Every structure is written in C-alpha cells, then in structure tokens.
**Q** 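Can you keep this structure in mind? I'll have questions shortly.
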Amino acid sequence: MNAGARRTVGATLLASLLAFTVGQVGRAVPSAPQENQKDLLTTILPLYCFALGVAGDLARVENLLPENASGHDYQLSARDARKLSNADLVIATGLGLEDALLRRRLKGSPVKAGAGIEPIRGHVHEDHRNGDDANPHFWLDPLLAAHAVTNILQALQKADPGNADAYARNAAAYVARLQKLHEEITAALAPYHGRTLVTYHDAFPYFARRYGLQVAGVVQEVADVEPTPRHLSELRAAVREKKVSVIFVEAGSDARRVKQLIADLGVKVATLDPLESGKLSPTAYEEGMRRNVESIRKAFDAPVP
C-alpha cells in the first residue's frame, strides 16, 4: 500500500468512526455486571490506553508489563504466566515487539493491534538481528494508533457481542481524541518540517514520517544492546554530514555514552519517550505524546551549546 492509499484508508476510517460518534452523542454506555466482564491483557502502555478507551467500564483491562519495564528485555514471572492463561483476550502489537516474550506462553494467538498497518522495515530485533524486521513502534503515529483502536474494537465485539454497540461508541469517542491529538501535533511541529534529529533507539520513524521530520540515525541499533564502535563512528559521520543539532535520549539511557557523543559533536541533548511503559492511566498515551512534542519544540528552539 503506497502513501496515498494509506492516507485514504486512514481518512475513511476516521471519518466513519467520527460520524458514528456524532450519531451516538448523549447515549449512555451501561456497565456490564462484574461477573460477566471479559478480562483483557495488553502488553505495553499504549495498547493499555487504547483497550481501556474501547472497553470503558464494560471489561477489565490489565497490562502485562509493570510500570517502567521494557518490553525488549522483560522476563515473565509465574504471576505473568497466570495473567496470560486467564485472559480472555491478549492484545499485542503484532509487529514483533513481544514475540520473544509471548512465544510458547499463549494457547492461541493474541489480538494483533497493528494488523493491516504497512510496517516500516529495517528495524533490528534483539532475538533475530537480520536488520529487516518490521518496526513495531506504530503507536507513535496517532492515526496508526486509531487503526489499532479499530482492531481492538473488532476483537472485543467478537468476544463480547452483547456489548458491541457500546464498544463502538467508546471506540469512536477515543478515535476522536486521537484525531484531535494528531491535529495538535501537526500544528505544533509545522515550523520544524524537514528538521533532522538522532534518537536513542529506533522508535520514531512512524512519528517522523507523519510529521515531516528526518531521523539521521540512532544511538542503539538494537534496544538495550551496547552499540559497536563502528556504528558510533558512522553515527558521528551522519550527524556532521546532515548538520544534526539534537540527540534525543530516553530515560535510563547510557549517560556515559551520550555525554561522550555530545562532547564529540557539540550538539544539544533532549528526551523523547517511546511510551512502551510508564505510569498506567487512561490518558497516559496522550499525555506522553504531548510531552514528546514539547520536548522536540524546546530542543529545536534552544541554542546550540
């Protein structure tokens, strides 16, 4: 699917769900009896927020990873295995992020929130480093997040058809919020269209593509794996060639490595959050996206040291 087709599909999806929202304004969404509620288990924070947005009070939503755990290196506990076994629906990205985590631990297949999304390739997963994996970080594009919401909606309607209409109302309202978020980000980043940056790991190509930014390189080719001297040498060359002024790191980044790069290159440093984990709340995804946008804006506007 080419870029134009992706935009057409996304626009049609958003228009349909937004129209549904308008038609349902004022209609109450009932709560299901606790004993009849489905148990949903998501793998990462954004999917938790999306599932909660669809489920509302009609199903129980829990996240597999604890707050601030990384999906790249998390080891499942016996309690986690019970959660997986007891869940009515397990919701994963479907683009490889959790493959090693979930392999041989599920009786069936998880709901693939990213199903139907044409992935950006060239990512390197830690369990098979062939360099042409699908990049799983689609949730950093709010319009692709809206696509994931519809996939979750369809799975939940199939599992709990008695509440299908209520789930559709919830999903439509949540997609409207994502559309508003997209419009905010578009306006905020319009002055920086075409600017180039370096990120800590390969989490932001969908975000960059949506908002007209260029990613010159990443510090870590493989998440949580020490970069090779050759890779760092190539990164330094790319930063100089493309006149990159900011390196964006993440909470828990290798401070020694980043300080050395900053000293070598004379660039600014700021923080971007891939939002794979964090404090679980219904609005955590939207709040995290807005923090990222503000960090980008401030970093590009700040003088070079």
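Note: hydrogens, waters and symmetry copies are ignored here, and every other heavy atom, side chains too, is used. Quick caveat: nothing in here was measured; it's all calculated off a predicted structure. The first residue in the sequence is number 1, and the count goes up from there.
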**Q** Backbone N or O of A164 within a donor-acceptor pair of the Q157 side chain at under 3.5 Å?
**A** yes
**Q** In the single-linkage hydrophobic clustering (I, L, V, M, F, W, Y; side-chain heavy atoms under 4.5 Å), do L197 and L275 co-cluster?
**A** yes
**Q** Salt bridge check, R297 against D301: does any charged N sit closer than 4.0 Å to a carboxylate O?
**A** yes
**Q** Can you tell me how far CG of L181 sits from CZ of R177, rounded to the nearest 0.5 angstrom?
**A** 10.0 Å
**Q** Donor-acceptor check, side chain of S281 to backbone of A284, threshold 3.5 angstrom: yes or no?
**A** yes
**Q** Please identify which of these residues, V54, I152, L156, meets the side chain to side chain contact (heavy atoms under 4.5 Å, CB included) condition with I91.
**A** I152
**Q** Ring centroids only, cut at 6.0 angstrom: are Y200 and F248 within range, meaning strictly under it?
**A** no
**Q** Pick one: which of I262, V244, V246 meets side chain to side chain contact (heavy atoms under 4.5 Å, CB included) with K268?
**A** V246
**Q** Do other residues, nucleotides or ligands put more than 12 heavy atoms under 6.0 Å from K83 NZ?
**A** yes
**Q** Short question: side chain of T199, backbone of D202 - any donor-acceptor pair under 3.5 Å?
**A** no
**Q** Does the side chain of L265 reach to within under 4.5 Å of the side chain of R236, using non-hydrogen atoms?
**A** yes
**Q** Measuring from atom CD of Q220 to atom CG of L235, what distance do you get when rounded to the nearest 0.5 angstrom?
**A** 11.5 Å
**Q** For the residue pair Q37 and D57, what are the closest heavy atoms and their distance?
**A** NE2-O, 2.6 Å
**Q** Could you check if a side-chain atom of I247 sits within less than 4.5 angstrom of a side-chain atom of V219, using non-hydrogen atoms only?
**A** yes
**Q** Hey, any chance L97 and V218 share a hydrophobic cluster, counting ILVMFWY side chains that come within less than 4.5 Å of each other, even indirectly?
**A** no
**Q** Given side chain to side chain contact (heavy atoms under 4.5 Å, CB included), test Q154 with Y167 step by step and report yes or no.
**A** CA-CA 9 Å; Q154 291 165 6; Y167 291 138; over 6 Å; no
**Q** Could you check whether R230 pairs with E234 (Lys NZ or Arg NE/NH1/NH2 to Asp/Glu carboxylate O, under 4.0 Å)?
**A** yes
**Q** Decide yes or no for E250 and D273: does some side-chain heavy atom of the first lie under 4.5 Å from some side-chain heavy atom of the second?
**A** no
**Q** Starting from the C-alpha separation in whole Å, work towards a yes-or-no answer on side chain to side chain contact (heavy atoms under 4.5 Å, CB included) for V111 and V90.
**A** CA-CA 6 Å; V111 175; V90 175; over 6 Å; no
**Q** Take T93 and E98, measure what side-chain hydrogen bond (donor to acceptor under 3.5 Å, both in side chains) needs, and give me the verdict at the end.
**A** CA-CA 7 Å; T93 63; E98 313 93 329; 2.8 Å; yes
**Q** Are any of the side-chain heavy atoms of I44 and S277 separated by less than 4.5 Å?
**A** no
**Q** Which value, rounded to the nearest 0.5 Å, describes the distance between Q179 atom CD and Y174 atom OH?
**A** 13.5 Å
**Q** Establish, from distance only, whether the side-chain atoms of N292 and S295 form a donor-acceptor pair under 3.5 Å.
**A** no
**Q** Looking at residues at least two apart in the chain, or sitting in another chain, which of them share a salt bridge (Lys or Arg N to Asp or Glu O under 4.0 Å) with R291?
**A** none
**Q** Quick check against the 3.5 Å criterion: does D133 have a side-chain atom that pairs as donor or acceptor with the backbone of R121?
**A** no
**Q** When the ring planes of F207 and F204 are compared, do they come out parallel, tilted or perpendicular, using 30° and 60° as the limits?
**A** perpendicular
**Q** Check for a donor-acceptor pair, side chain of D39 on one end and backbone N or O of A87 on the other, with a separation under 3.5 Å.
**A** no
**Q** Are side-chain heavy atoms of W139 and M289 found at a separation under 4.5 Å?
**A** no
**Q** Check the side chains of H137 and E276 for a donor-acceptor pair under 3.5 angstrom, ignoring hydrogens and angles.
**A** yes
**Q** Any idea which heavy atoms bring A55 and V61 closest together, and the distance?
**A** CB-CG2, 3.9 Å
**Q** When you compare the side chain of S245 with that of R195, does any pair of heavy atoms fall below 4.5 Å?
**A** yes
**Q** Name all residues meeting the salt bridge (Lys or Arg N to Asp or Glu O under 4.0 Å) criterion together with K180; count only those two or more places apart in sequence or in a different chain, and write none if there are none.
**A** E184
**Q** Taking all non-hydrogen atoms of both residues, which atom of L140 and which atom of P274 are closest, and how far apart?
**A** CD2-O, 3.8 Å
**Q** In the single-linkage hydrophobic clustering (I, L, V, M, F, W, Y; side-chain heavy atoms under 4.5 Å), do L52 and L58 co-cluster?
**A** yes
**Q** Show your working on side chain to side chain contact (heavy atoms under 4.5 Å, CB included) between V267 and V239 and close with a plain yes or no.
**A** CA-CA 9 Å; V267 296; V239 167; 4.1 Å; yes
**Q** Does D80 reach the side chain of L64, with side-chain heavy atoms less than 4.5 Å apart?
**A** yes
**Q** Same cluster or not: L144 versus L213, using hydrophobic residues (I, L, V, M, F, W, Y) connected whenever any side-chain heavy atoms lie under 4.5 Å apart?
**A** yes
**Q** At what distance, to the nearest 0.5 angstrom, does CG of L189 lie from NE2 of H193?
**A** 10.0 Å
**Q** Identify whether F50 and L280 are in the same connected component of the hydrophobic contact network (ILVMFWY, side-chain heavy atoms under 4.5 Å).
**A** yes
**Q** Look only at the side chain of H147 and the backbone of A115, and say whether a donor-acceptor pair between them is shorter than 3.5 Å.
**A** yes
**Q** Evaluate the side-chain proximity of T42 to E62: yes if any heavy-atom separation is below 4.5 Å, no if none is.
**A** no
**Q** Please step through ring-ring contact (aromatic ring centres under 6.0 Å, His included) for the pair F138 and Y206, ending with a clear verdict.
**A** CA-CA 6 Å; F138 67 82; Y206 296 98; 7.0 Å; no
**Q** What orientation do Y211 and H182 show, parallel under 30°, tilted 30 to 60°, or perpendicular over 60°?
**A** tilted
**Q** Looking only at heavy atoms, what is the nearest atom pair of T43 and A92, with distance?
**A** OG1-CA, 3.7 Å
**Q** Would you please name every residue forming a salt bridge (Lys or Arg N to Asp or Glu O under 4.0 Å) with D88, sequence neighbours left out?
**A** none
**Q** Should the pair D141-R209 be classified as a salt bridge under the 4.0 Å nitrogen-to-oxygen rule?
**A** no
